[in-house]
Novice: 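Here's a structure for you.
Every chain is numbered from 1 and lettered A, B, ... according to where its sequence line falls, protein lines coming before strand lines.
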Amino acid sequence: MMLSAREQWRILSDGVAEILPEDEFLAKLERSVQTGTPLRVKLGCDPSRPDLHIGHAVVLEKLRQFQELGHRVIFIIGDFTAMIGDPSGRSKTRPALTMEETQENARSYLEQVGIVLDVSRAEIRHNSEWLAAMTFADVIRVASQVTVSQMLERDDFHERFEREQPIALHEFLYPLAQGIDSVQVRADIEIGGTDQRFNFLLARELQKHAGQPPQAIVLMPLLEGTDGVQKMSKSLGNYIALLDPPREMFGKAMSIPDELIVRYYRYATFASADEARAMEEGLRAGTLHPRDAKALVAERLVARYHGEEAARSAREEFDRMFRHKQLPDQIETIELRLIPPVPLVEVLVAAGLVPSKSEARRLIAGGGVYVEGERIGDLHATLGDAGEYVVKVGKRRFARVRLQA
RNA sequence: GGGCGGGUUCCAGAGCGGUCAAAUGGGGCAGACUGUAAAUCUGCUGGCUUAUGCCUUCGGAGGUUCGAAUCCUUCCCCGCCCA
């Protein structure tokens, strides 16, 4: 009932950025088939900020395939590392999380993972289980297995070293901790984004020292964020969250640069290589309009996470608002306890449409504020009477404010 | 421990006694245009009872000065080199 190693290889290698080393991966599949033993596929996760996005889904989707082929997915919740603090040097040190926060985050993380794959069939481990138990002597022993110049091979360390930027000593320990995780769970495969290459390779070294067969590595492409330049990440604000509501998801997908359309088609909506090629050719030949291609991607993306129905209505709403510049079909009503006449500037702030009066003035001066469909250019404009007003700020901020008598 | 160079607004990075809320680029927002929240172009980008006005900001605390991001003292932090 298990597929042959070849068949599995065909499925599992589709859409990956890199498999290291390929022959070992294939050998593992073959042994797995022969002995009827599922492979142990590890995914480490940082529970510090549980807001998964469609970039994570690229990895999760691959993991789902492993699951469907009968392999064992092992999630490692990095609760220990999260409690200690920030691994990545450039960001200002993140505050260490408390035990409760970490647990809450982990719960929410798994819930979001559950959108893509079957968490109940996965093995879930917390790395505090073994990392918290290590003594300093244990740490030194593991640290002795890696040299400083090996560490400096990692391009992010290398670059900072070259640029004379700080690298804190503990940053060297995080890759080590990840490697120890692999040893602990006896990972056959570790999966992650291409930025994890160094850490995953280091884990192989530690596994060899521990007398284990080293894990094979599956690296998935990193999806660019909606800005089209940097990788998708929460901190850069260029992400589409798995939990984004349909309209948000649709709109964000429509804001990607044209060059990214096909890539999103392939990796965000999991179109096959053939489908992606077809779209690419259509775009190049001019038979497929970029806007339509993008709308297709956006719709398919929304459909995946919210269903066909939601996708269709998100698309209609988008067309209404941005192509035809009409009002959205639902506008939040905000009651203001202000007695007319009220300066418009004050209304905008009170309604939460802008963060400050200065900002409100700038927007008015720049022609970005509308009341009842009419552009307001006067900084001193007031809403004179009680009643409801539809206020629009920019393209996307709407509110129906109600002034009481 | 010694020497040198640094810490500036969301980020990077100029400024080095007044003309500094602080160049420039990025990001963000808005406008025009359009095929979309693409691209391109333009404008804006600390706050306040709109005021040739006031307040807060240039690592922290003091000081000099009519006046400081700019000078001095001291403290904290970072990088490099030497030990």
Novice: Determine the interplanar angle of the A:His170 and A:Tyr174 rings, folded into 0 to 90°, and report it as parallel if under 30°, tilted if 30 to 60°, perpendicular if over 60°.
Specialist: perpendicular
Novice: With sequence neighbours left out, write down each residue that passes side-chain contact (heavy atoms from CB on, under 4.5 Å) with A:Glu30, or none if nothing qualifies.
Specialist: A:Ala5, A:Leu26
Novice: Please report, to 0.1 Å, the donor-acceptor pairs under 3.5 Å made by any side chain of residues 244-256 of chain A, with sequence neighbours excluded.
Specialist:
{"unit_1": "A:Asp244", "atom_1": "OD2", "unit_2": "A:Ala241", "atom_2": "N", "d": "2.9"}
{"unit_1": "A:Asp244", "atom_1": "OD2", "unit_2": "A:Lys252", "atom_2": "NZ", "d": "2.8"}
{"unit_1": "A:Arg247", "atom_1": "NH2", "unit_2": "A:Asp329", "atom_2": "OD1", "d": "3.4"}
{"unit_1": "A:Lys252", "atom_1": "NZ", "unit_2": "A:Tyr239", "atom_2": "O", "d": "3.0"}
{"unit_1": "A:Ser255", "atom_1": "OG", "unit_2": "A:Lys252", "atom_2": "O", "d": "2.8"}

Novice: Are any protein N/O atoms closer than 3.5 Å to N/O atoms in nucleotides 52-59 of chain B? If there are, list each pair with its distance.
Specialist:
none

Novice: Tell me which pairs pass side chain to side chain donor-acceptor pair (under 3.5 Å) where either residue lies in residues 376-392 of chain A, with sequence neighbours left out.
Specialist: A:Glu388-A:Arg402
Novice: With rounding to the closest Å, how many angstrom separate the C1' atoms on B:A22 and B:G17?
Specialist: 15 Å
Novice: Going by the rule ring pair (Phe, Tyr, Trp, His ring centres under 6.0 Å), which residues pair with A:Tyr264 if we only count those two or more places apart in sequence or in a different chain?
Specialist: none
Novice: When the P atoms of B:U57 and B:C66 are considered, how many whole Å apart are they?
Specialist: 22 Å
Novice: Going by purine N1 to pyrimidine N3 plus the second Watson-Crick contact, or the G-U wobble pair, all under 3.5 Å, which nucleotide sits opposite B:G31?
Specialist: B:C41
Novice: Step through it carefully: locate the ring centre of A:Phe172, locate the ring centre of A:Phe157, and say whether they are under 6.0 Å apart.
Specialist: yes
Novice: Quick one: side chain to side chain donor-acceptor pair (under 3.5 Å) partners of A:Trp130, sequence neighbours excluded?
Specialist: A:Asp181
Novice: For RNA chain B, whose closest nucleotide is more 5', that of A:Ser255 or that of A:His380?
Specialist: A:Ser255
Novice: Quick check on B:C48: is either OP1 or OP2 less than 4.0 Å from any side-chain nitrogen or oxygen of A:Ser358?
Specialist: yes
Novice: Between A:Lys357 and B:U49, is there a side-chain N or O to OP1/OP2 distance below 4.0 Å?
Specialist: yes
Novice: State, yes or no, whether a side-chain contact exists between A:Val119 and A:Ile124 at a heavy-atom distance under 4.5 Å.
Specialist: yes
Novice: Where each residue is assigned the nucleotide of RNA chain B containing its nearest heavy atom, which of A:Phe250 and A:Val345 is assigned the position nearer the 5′ end?
Specialist: A:Phe250
Novice: How close or far is atom P of B:A38 from atom CD1 of A:Ile261, stated in whole angstroms?
Specialist: 12 Å
Novice: Quick one: A:Glu299 CD to B:A37 C1', roughly how many Å, whole number?
Specialist: 17 Å
Novice: Grab the NE2-C1' distance between A:His289 and B:A38 for me, whole Å please.
Specialist: 11 Å
Novice: Are A:Gln103 and A:Ile77 packed together at the side-chain level, in the sense that at least one heavy-atom pair is separated by less than 4.5 angstrom?
Specialist: no
Novice: With a cut-off of 3.5 Å and sequence neighbours excluded, list every side-chain donor-acceptor pair involving residues 280-288 of chain A.
Specialist:
{"unit_1": "A:Thr287", "atom_1": "OG1", "unit_2": "A:Gly282", "atom_2": "O", "d": "3.4"}

Novice: Could you please spell out the steps behind the side chain to side chain donor-acceptor pair (under 3.5 Å) verdict for A:Gln112 and A:Ser108?
Specialist: CA-CA 6 Å; A:Gln112 292 176 54; A:Ser108 146; 3.2 Å; yes
Novice: What distance, rounded to whole Å, do you find between the two P atoms, one in B:C11 and one in B:G60?
Specialist: 14 Å
Novice: Detail all sub-3.5 Å separations between protein N/O atoms and N/O atoms belonging to nucleotides 3-6 of chain B.
Specialist:
none

Novice: Report the nucleotide, chosen from B:A38, B:G47, B:A37, that has the shortest atom-to-atom distance to any side-chain atom of A:Phe318.
Specialist: B:A37
Novice: Remember a base hit wins even if backbone is also touched, and classify A:Leu260 as base, sugar-phosphate or nothing at under 4.0 Å, heavy atoms.
Specialist: nothing
Novice: Is there a side-chain polar atom (N or O) of A:Arg320 under 4.0 Å from OP1 or OP2 of B:U36?
Specialist: no
Novice: So, under a plain 3.5 Å distance rule, would you say the side chain of A:Asp292 forms a donor-acceptor pair with the base of B:G35?
Specialist: no
Novice: Over all strands shown, is A:Pro257 touching base, sugar-phosphate only, or nothing at heavy-atom distances under 4.0 angstrom?
Specialist: sugar-phosphate
Novice: Parallel, tilted or perpendicular, judged at 30° and 60°: which one describes the rings of A:Trp9 and A:Phe25?
Specialist: tilted
Novice: Checking A:Arg315 against A:Phe318: charged group under 6.0 Å from the ring centre and within 45 degrees of the axis?
Specialist: no
Novice: Can you find a side-chain donor-acceptor pair between A:Ser120 and A:Asp118 that sits under 3.5 Å?
Specialist: yes
Novice: Between B:C54 and B:G3, how far is it from one C1' atom to the other, in whole Å?
Specialist: 46 Å
Novice: Report the distance from atom CD of A:Glu248 to atom C1' of B:A37, rounded to the nearest whole Å.
Specialist: 10 Å
Novice: For A:Ser356, answer base if it contacts any base atom (sugar-phosphate contacts may also be present), sugar-phosphate if it contacts only those atoms, and nothing otherwise; contact means non-hydrogen atoms under 4.0 Å.
Specialist: sugar-phosphate
Novice: Using the C1' atom in both, what is the distance from B:A32 to B:U8, to the nearest Å?
Specialist: 35 Å
Novice: B:U36 P sits how many Å from A:Glu316 CD, rounded?
Specialist: 16 Å
Novice: Sort out the partner of B:G25 for me: Watson-Crick or G-U wobble, both distances under 3.5 Å, none otherwise.
Specialist: B:C11
Novice: When rounded to the nearest Å, what value does the distance between P atoms of B:C20 and B:G13 take?
Specialist: 23 Å
Novice: Would you mind building the protein contact string for nucleotides 76-83 of chain B? One character per nucleotide, 5' to 3', B for base within reach (heavy atoms under 4.0 Å), S for sugar-phosphate only, - for untouched.
Specialist: --SSS---
Novice: Heavy atoms under 4.0 Å is the rule here; annotate nucleotides 25-32 of chain B 5' to 3' with B where the base is hit, S where only the sugar-phosphate is, and - elsewhere.
Specialist: ----SSSS
Novice: Which value, in whole Å, describes the distance between the P atoms of nucleotides B:C78 and B:A68?
Specialist: 30 Å
Novice: Who does B:C80 pair with, Watson-Crick or G-U, both distances under 3.5 Å?
Specialist: B:G3
Novice: Ring pair (Phe, Tyr, Trp, His ring centres under 6.0 Å) with A:Phe75: which residues, sequence neighbours excluded?
Specialist: none
Novice: What residues, two or more places apart in sequence or in another chain, satisfy side chain to side chain donor-acceptor pair (under 3.5 Å) together with A:Gln207?
Specialist: none
Novice: Pick the C1' atom in B:A23 and in B:U70, then give their distance to the nearest Å.
Specialist: 15 Å
Novice: Specify the separation, in whole Å, of atom CG of A:Leu379 and atom C1' of B:A51.
Specialist: 12 Å
Novice: Round to a whole Å and report the spacing from CZ of A:Arg263 to C1' of B:A38.
Specialist: 18 Å
Novice: A:Phe322 has an atom CZ; how far is it from atom P of B:A37, in whole Å?
Specialist: 6 Å
Novice: Any ion pair linking A:Arg10 and A:Asp14 (charged N to carboxylate O, less than 4.0 Å)?
Specialist: no
